[in-house]
Amino acid sequence: MTDDAGVSPAPVLPAEVLDGATAAPGAPLAVVVLPGRGVGLAAGGRRWSVPGPPADLLAAVERAVRPRWVWWSAHAAVGGLVPGVHLARCHDLAAVHRLLHGGVRDDAAAVWAAAAGLPEPAGGRRRAEALHGTGLLDLDGTGEAPLDAQGQLSPAWSDGRVLDDGAPPGEQLARAAEFAALALRAAQAQARAVAALPEHRGTPVGAPLPVQTAQAESAAALLAVELEAVGLPLDRRTAEGIVGAAVGPRPRDAADEVRLRAARDAPVTAEFGGPLDLRNPAQVLHALRGLGFDVPDTRAWRLERLAGAHPAVAALLRWRKAERLATTYGYGWLDRHVAGDGRLRGAWSSADAAAGRMTAQAGLHNLPAELRPAVAAEDGHVLVRADLGQVEPRVLAAVSRDAGLVAATTDDDLYAPVAAALAADRATAKIAVLAAMYGQTSGAAGEALRRMEEAYPTALAHLRAAEAAGREGRDVRTYGGRLLRLADAAASGADAAFAARGRFARNAVVQGAAAELFKAWAATVRAGLAGTGGRIVLCLHDELLLHVPTADAGAAVDLLHGALAQTAHRWAAGSGVRFVAEVAVVQRWSQAK
DNA sequence: TGCGCTACGTA
DNA sequence: CGTACGTAGCGCAG
């Protein structure tokens with residue numbers, strides 16, 4: 001099939017879509033994108049196949065009617081596209097499915113089955129790569145009905161094969177419209193399920209409506225696609241300078257790399273007094289024991305206290321630090337992930353499987369502090385960094401409505417009033433709060449924890465209830481309504497496994513709710529940046545990094561604060577809980593705080 | 001080649 | 001202290 005995109009006419013949108021009679025502003029409009037070919041649309045019982053450049057079509061519809069876009073996933077719909085226009089509202093079936101049902105599957109077949117009230121289909125997520133080269137799979141894909149006799153979505157539709165199987169363009173566009181119609185039906189079923197979620201236990205007043213969580217999660221899924229497309233501005237020369245200072249010059253070839261590696265190793269092995277593979281933990285352990293150090297493993301935190309006892313230990317720790325930069329964040333990493341435009345790009349997920357935090361690949365979420373000077377604003381721009389202060393204890397106050405802890409959130413430093421309540425110093429108070437939230441098992445905070453129980457009984461009871469659910473294998477929902485699946489995970493297990501599930505659940509109700517607040521905040525900031533040259537370029541659990549034209553810096557600062565106030569008001573209405581953000585305008589990420 | 005283990009970076 | 005994630009090198013099984 002030849003590509004005739006170069007001579008295709010300007011897209012003609014159906015009048016019903018454009019005039020808004022069928023799709024009123026904010027009304028659901030499902031879209032399935034055929035990259036480079038067109039889109040299928042569905043709304044209000046109608047469907048349309050529209051040939052043309054998908055990015056232009058989406059932009060035209062967005063300008064005309066501002067719908068709530070319904071898609072199987074933002075990644076499938078607009079991944080790889082760069083719509084020249086801000087898409088304001090969406091319902092992401094995969095994201096809402098994860099919210100409603102937890103677990104790891106969010107492929108269209110699993111989403112459809114759950115929405116239709118059918119059992120989870122076999123097969124799991126299909127990887128497109130695995131389908132290529134077999135030849136056979138193309139045969140059963142073409143012409144297959146979307147739903148089988150049980151009402152399950154067929155694999156060929158679920159993985160998108162029927163939209164890219166060499167069938168005539170008109171046929172594929174018709175299928176795209178049919179697939180969009182199915183998406184619309186699934187979204188309606190999800191909306192009913194979201195509306196039917198029970199109120200959050202213990203907080204009948206002022207908890208976020210699950211529909212708000214669904215909207216924020218959908219927006220976060222779209223933001224994840226945008227983050228991947230936009231990238232993090234990285235000053236490559238600074239980055240290479242930092243790497244070079246730690247591990248030496250860039251190797252000229254493979255042999256040079258081997259030589260440089262040996263040169264880095266030699267002085268360290270010499271300290272140990274014999275041949276030794278520093279990259280083999282078993283050998284390092286043996287060598288350390290030979291020096292008289294009886295350690296169970298060779299982890300850095302354990303060796304740090306021994307660094308003064310023998311120069312070999314200090315040399316090993318220095319070597320490890322440099323080696324991390326040489327391997328994980330070295331020249332190879334820069335070459336793989338930093339494009340010619342100076343942007344570091346990696347894949348983003350809007351919700352991990354455990355508690356729903358955002359994740360990112362390509363080192364975006366674990367960039368060593370050492371490399372942060374390399375994250376720099378481009379000419380005419382600044383970075384605006386904002387991070388939520390002490391967000392987890394404040395979230396605990398919101399979700400538990402513990403009166404004492406709520407009162408403590410009015411302080412800029414929450415740990416100050418907590419310390420007063422516990423009659424302890426600030427450091428002890430902080431350890432006690434963290435120990436309560438994370439289920440610490442060893443004893444450093446013992447007495448302070450007991451006093452936490454007296455000072456904040458409602459918060460502690462909330463955490464204990466979550467832990468009990470985890471131990472007993474009962475599912476739990478976060479404050480915003482996300483299902484934390486604990487039942488199947490606890491099906492088999494020893495005592496240690498039950499304890500692990502308990503600690504996980506205790507932590508997940510706080511970490512998960514914090515993730516929901518963060519994403520709602522990020523979605524509000526994203527909306528506020530629409531139409532400006534500013535972009536969110538990094539999300540880091542409790543921190544947002546914006547890249548904005550210098551002239552817009554002040555507005556961005558106001559936006560970050562205003563969006564937090566607005567989000568917190570909706571998210572913890574009437575609770576009295578105060579959330580705070582520290583915001584700084586900088587040229588380099590390292591300059592903030 | 002795939003997987004578990006060890007180790008370590010971030011929050 | 002604890003949870004979560006992604007990445008890399010090694011040894012071992014297939």
Side-chain angles (χ1 to χ4, degrees), chain A residues 104 232 246 261 265 276-285 295-304 316-317 319-330 332-333 336-337 344 346-372 375 385 387-393 395-396 427-449 452 463 466-467 470 478 484 499-515 518 538-545 589 593:
Chain A
V104 293
L232 181 69
R261 201 160 104 146
D265 297 359
L276 168 65
D277 180 358
L278 296 168
R279 293 169 189 79
N280 184 330
Q283 285 191 36
V284 172
L285 190 62
V295 284
D297 57 58
T298 77
R299 299 189 122 86
W301 65 268
R302 219 187 278 283
L303 298 184
E304 255 145 33
L316 174 66
L317 289 171
W319 175 89
R320 282 251 183 92
K321 195 140 183 67
E323 201 62 16
R324 170 70 42 183
L325 222 53
T327 54
T328 309
Y329 304 102
W333 171 75
R336 277 193 302 280
H337 302 296
L344 169 61
W348 285 77
S349 156
S350 63
D352 68 40
R357 299 216 294 192
M358 296 181 80
T359 66
Q361 297 181 331
L364 283 157
H365 268 183
N366 31 9
L367 203 71
E370 225 177 323
L371 272 168
R372 291 187 179 193
V375 177
R385 179 198 166 185
D387 73 288
L388 300 176
Q390 304 167 338
V391 66
E392 292 199 338
V395 162
L396 176 59
T428 305
K430 182 172 177 176
I431 288 172
V433 170
L434 297 179
M437 287 191 297
Y438 302 155
Q440 181 179 318
T441 49
S442 62
E447 177 56 28
L449 259 175
M452 283 282 295
L463 294 166
E467 174 163 352
T478 63
L484 304 173
R501 302 309 301 177
R503 272 199 307 279
F504 164 72
R506 177 184 277 262
N507 178 253
V509 293
V510 177
Q511 190 185 97
F518 176 81
L538 189 71
C539 295
L540 195 47
H541 308 315
D542 63 357
E543 179 175 348
L544 279 173
L545 196 65
W589 192 15
K593 203 164 65 167

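A, B, ... follow the sequence lines: proteins, then strands. Residue 1 opens every chain. Any value given below was found using the heavy atoms of this structure, including those in side chains, with hydrogens, waters and symmetry copies removed.
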Completion exercise
Reading nucleotides 3-11 of chain B from 5' to 3' and marking B where a protein heavy atom lies under 4.0 Å of the base, S where only the sugar-phosphate is that close, and - otherwise, the string is ---SBBBSB
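Taking atom CG of Asp265(A) as the reference point, atom C1' of dG9(C) lies 13 Å away to the nearest angstrom. Between Leu344(A) atom CG and dG6(C) atom P the separation is 16 Å, expressed in whole Å. Leu449(A) places its CG atom 12 Å from the C1' atom of dG2(C), with the value rounded to the nearest Å. Atom CG in Asn507(A) sits roughly 11 Å away from atom P in dC5(C) (whole-Å rounding). Distance CG (Asp277(A)) to C1' (dC10(C)): 8 Å, rounded to an integer number of Å.
Side-chain atoms of Asn507(A) never come within 3.5 Å of backbone atoms of Val510(A) as a donor-acceptor pair (strictly under, hydrogens ignored).
Using a 4.0 Å heavy-atom distance criterion, Arg336(A) is classed as a sugar-phosphate-only contact. Across all strands shown, Ala508(A) has no heavy atoms under 4.0 Å from either base or sugar-phosphate atoms. Residue contacts shown for Ala355(A) are absent, as no nucleic acid heavy atom lies under 4.0 Å away.
Here the side chain of Arg279(A) is nearest to one of dA4(C), dG9(C), dT3(C), namely dG9(C). The side chain of Asn280(A) approaches dC10(C) more closely than any other nucleotide in the set dC10(C), dG6(C), dA4(C).
Both distances falling under 3.5 Å, in either a Watson-Crick or a G-U wobble arrangement, place dA11(B) opposite dT3(C).
The minimum heavy-atom distance between Leu449(A) and Ala435(A), with the atom names listed, is CD1-CB, 4.1 Å. Contact detail for Leu484(A) and Ala508(A): the closest heavy-atom pair is CD1-CB, 3.7 Å. Between His365(A) and Cys539(A) the shortest heavy-atom distance is NE2-O, 2.6 Å. Closest approach of Leu463(A) to Ala436(A), counting heavy atoms only: CD1-O, 3.6 Å.
Side-chain contact check for Arg279(A) and Thr327(A): no donor-acceptor pair (N or O, by modelled atom type) lies under 3.5 Å.
Just one of Gln511(A), Arg506(A), Glu392(A) meets the side-chain hydrogen bond (donor to acceptor under 3.5 Å, both in side chains) condition when paired with Tyr438(A); it is Glu392(A).
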